[in-house]
Structure formats: C-alpha cells, structure tokens
Amino acid sequence: MPARRRWLAQVLAGSATCVGAPGWLRQARGADTARFALGVASGCPRPDSVVLWTRLTGPDLPPQVDVTWELAHDEAFSRIAAGGVERAEVAWAHSVHAEPAGLEPGRSFWFRFTALGQRGAPGRTRTAPAAGARATLRFAIASCQRWEHGHWAAWADVAAFAPDLVLFLGDYIYEYPSMPGAAVRSIAGGLVTTLEGYRERYAQYKSDPLLQAAHAAAPWLVAWDDHEVENDHAGLLGGLPFTDFAAQRAAAYQAWWEHQPLPLAMRPRDGGLPMHLRLDWGRLARIQLVDNRQHRDPQACPRPGRLFGSGSVVVDDCAELRDARRTLLGSAQEQWLAEGWSLERPWNLLAQQTLMAPHRTRNRAGQIVAWTDGWDGYPAARQRLLGTAAARRVPGLVVLGGDVHAHYVAHLNADPEDARSPVAGVEFCGTSISSRGPAPARVEAVLSHNPHLLHGDGRHRGSMLFTLDERRLQADLRAVEQPADPASTVRSSARFTVEAGRARVERG
Ligand SMILES: [Fe+2]
C-alpha cells in the first residue's frame, strides 16, 4: 500500500490518533469517554506565537477543567519549546485557546493537550517567518463543506500536501436541516438558530477524521461566510419573521469562536466579532483576510416584501446596484484594506469569501443579469477596491475566494466594467470541499459572457494548492474523483502560474 493510502487508512480507522501516546494513556482512552473527540487545530500564526485549539467532549464535564498543553520541536515531544495550563469553561463550551508567546519565527512545531487523565492526538503547526526574512509559502484555500453532500477526501489531499498554512474562506458548517433524499450522509438536528444548535452542528462536522487531519497538519486562517449564521444574511438582517436575529447571530459568532483556532482577543463581545486580520509572511507576502458578511449593505433589489436576500436581477432594472455608497465590506473595513497593502513585498494575498471577477450572464431577452449576493451586487465597492490597488501599484495582487462551488481563474481589471483597463491583479476562486456545484451549462454561460474568466469548472469538489516564492505563484486546482468516497483519489485538474511583477495568469 502506498504511504499516503496507508496513512489515510489509519486516519479512517482512528488508529492514527494513538501515534506517540504511551501505553497507559491508550488504555485510559479505551476505558473512558473520549475527551478529545473533536481533534485539535491551530491558527493565526505570527512570528512569535500561534493559537492552539481543542474542545473537551463527553458527558459529566466539570464546569471548569484545567487543560495542559505542550508545544515541542519534535514529534516525540522530547524537546519542549513551550507549555502551560488553560482553563476550559462550560460557558465557552469547554474550548481551549492557548497562545504560546516568545516562539522562534519560521519554525514548525508539534502540540498536544492533556486533561482528565487523557491525552489528545498531536497536531503540527508553525510560526510565521520573521518580518524581514526571506521565505516561501505552501498554502491551500478551501470553502463550503456541506456535510450531507459528500465525504471529505479533499481534506485528506490538503493534509497530504503538508501546507504551511490553510486559508478557509467560508461555509464551514451549513445551518440547514438534513436534506430529504440524495444525502450521502445525514446530519443531526433541524434548522440551526440557537447556541446549543450551532455547538452540536460544529461538533458533528468536527467529528470527521479527514477534517481533523487537515487541522492537525497546519495552522489555519479562518473566515466565515453566510452559512456559519444563516443563508444570505446581511449584517443584522436575517432570521425568520418575529425572531431575534441579533441574538441568533451572536450565538453563531460565539459557537464559531469556540470551535476555531482564534485568539482570546477575538472572543465575541456585544454580539460582534472583528473577523478581519492581516498577517505578514516574512518579506514574501502580506495576507489580508476580510469579512464580507458582518458589515455589508443589504443585497440590492431583494424580492418584494423583503429587506435583504440574494437573487438574479436585470442590471438595467435595479438602480440600487449603481448606488456608489453601497459596500460589501463596510466603509471602515474598506478603508482599512485600502491603507493596508504592502508595497515592499512581491505578493499581496487578499483572502475573502466569493468570486470577485464579474460573472454576469444574459437572459433570453438579451438583458444583463447579475447575482446580487456576491461582488456583482456591489460593483462600485469592487471598482473602488481594484481601482485603488491599481493606482497604488500594489505588487502581486492575488484575490482568493470560494462560495460559488466551482473553480474559477481570472484577470481582475482595474475597472471591472472596462475590459481595456489595465489588469490590477489575478484571482483564484476555489471550488467547494463537498457542497454540490452549479450545472455545467451555467458555468459555460458564465465563461462565454466574461472573457476575463480564463478557466471555470463546476464539476469537481476539491481545493486549490499553492506554492509561492519571490519569483512565482503556482496553483494546482484539485479535483475529487468520487465525492461519496472518503478514500477517493484526488488529482490536479489544471495548473496555473503567475510570475512576480506580471499580473498575468499562464496555464501550465
Ligand atoms: Fe457554500
């Protein structure tokens, strides 16, 4: 059996979680309720720190539990780099967010947790390179993992790539009730609207061994999109009629923080949570992760009787689309981004939720139609973002996204309405981990009406894997052969490169 398949078989059988644990701990685990059933995660790597995450599981947990964490240079944990104790509290779902400080930059580490006589499986993580250091970066982007739609071989593929960093770009959970028929696997519970419901949904998603393997392989930066709260919500607009959507969103934000490797400083307060962040990867790249849900204006021209919600609208019939005051990021975050580009580094990665390039189509009457939930619904804000980046000559602008359940590769014009304007950057929008994709005819129509889209493929689930150095970006578009099989083969369906200093995508 090849090494990767052997490793995968171990993960699926659960035996990989015992690697490195002494005999007495393995015996204790067999006798007791599993306290680390959701695995581990790490995130927000900085040159001197990284967040280490786990959540205790099982019945009869005391209200407070002291959890010991260790960070080591080696898998055998013989050379300890840092350690400590964090208190897991029932008020925060017994989640643990340890933040070792004073670490060496640009180093990889192993970490693990111990509590209640049990030791969890170890994870790998790393610190970001020092601000002025030369560096390379292997990273993955992924999004949209609807549980019922398939198994997550895409995550096994990401873990096998051994990235330095994973960027998760939204729809980590879906709030929907289990779908009738055609489900590959069923989800517990109905439509999720409460703190308890969100916690249960995360716990089921995070029980998946392949997702756990991807979290244990590298630190993540995590963004939400709509389904972490509710489909299509916009700011504080959402929810069923006569329900308190502000309370629902606060519960969803709390559960999101409890289940992701996020620092204490991001713990939600007063119903809000500052999700956007900036991370420098040595002198190679600046990564900016933005939030397109919390601060947006409502979608333009919603259905009659509604204040928000997505739809396909005829552009000429929707005057609101042309209102220059409307924003997808909110004006404060838009300003933060415009001032945040790195002019010293060869690459600027913008991690966000959805396809930025125009992907409008025509209806049977020949009228131009736009989908209002994505950037096509906020054209003035998109023009400001790309126009500012072009005017400031932002080097190596690479926009990364998800949401549309299809792989797209694009050139981004400084004025997206004018194909003759200079190219300000390139875009790689990754397909879904498991959520089903659009009909092939839809992708064909989008490609034929939008020549700046160089590639589109909605047939495959998967991720995108990138290798970045000072000279070039290489992108592999990954495709799962059998979405219903957790051991499916995953292959590259296409490969693209971008040379530093040239905002041009080349095939191959
Ligand atoms: Fe999605």
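All ligand and atom numbering here is 1-based and tracks the order in the structure.
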Visitor: Would you check if the side chain of Arg46 reaches a backbone N or O of Asp280 as a donor-acceptor pair within less than 3.5 Å?
Guide: no

Visitor: With a 4.5 Å heavy-atom cut-off, do Trp224 and Val222 have their side chains touching?
Guide: no

Visitor: Is there any ring-ring contact (aromatic ring centres under 6.0 Å, His included) pair reaching into residues 359-388, and which pairs are they, with sequence neighbours excluded?
Guide: none

Visitor: Which residues and atoms, counting only protein N, O or S, are under 2.8 Å from the Fe ion (ligand 1)?
Guide: Cys144 SG, Asp171 OD2, Tyr174 OH, His405 NE2

Visitor: Just to verify, what does Glu196 make a side chain to side chain contact (heavy atoms under 4.5 Å, CB included) with, not counting sequence neighbours?
Guide: Thr194, Arg199, Glu200

Visitor: Run through Asp297, Asn292, Leu385 and flag the one making a side chain to side chain contact (heavy atoms under 4.5 Å, CB included) with Thr327.
Guide: Asp297

Visitor: Who pairs with Asp317 by side-chain hydrogen bond (donor to acceptor under 3.5 Å, both in side chains), at least two apart in sequence or on another chain?
Guide: none

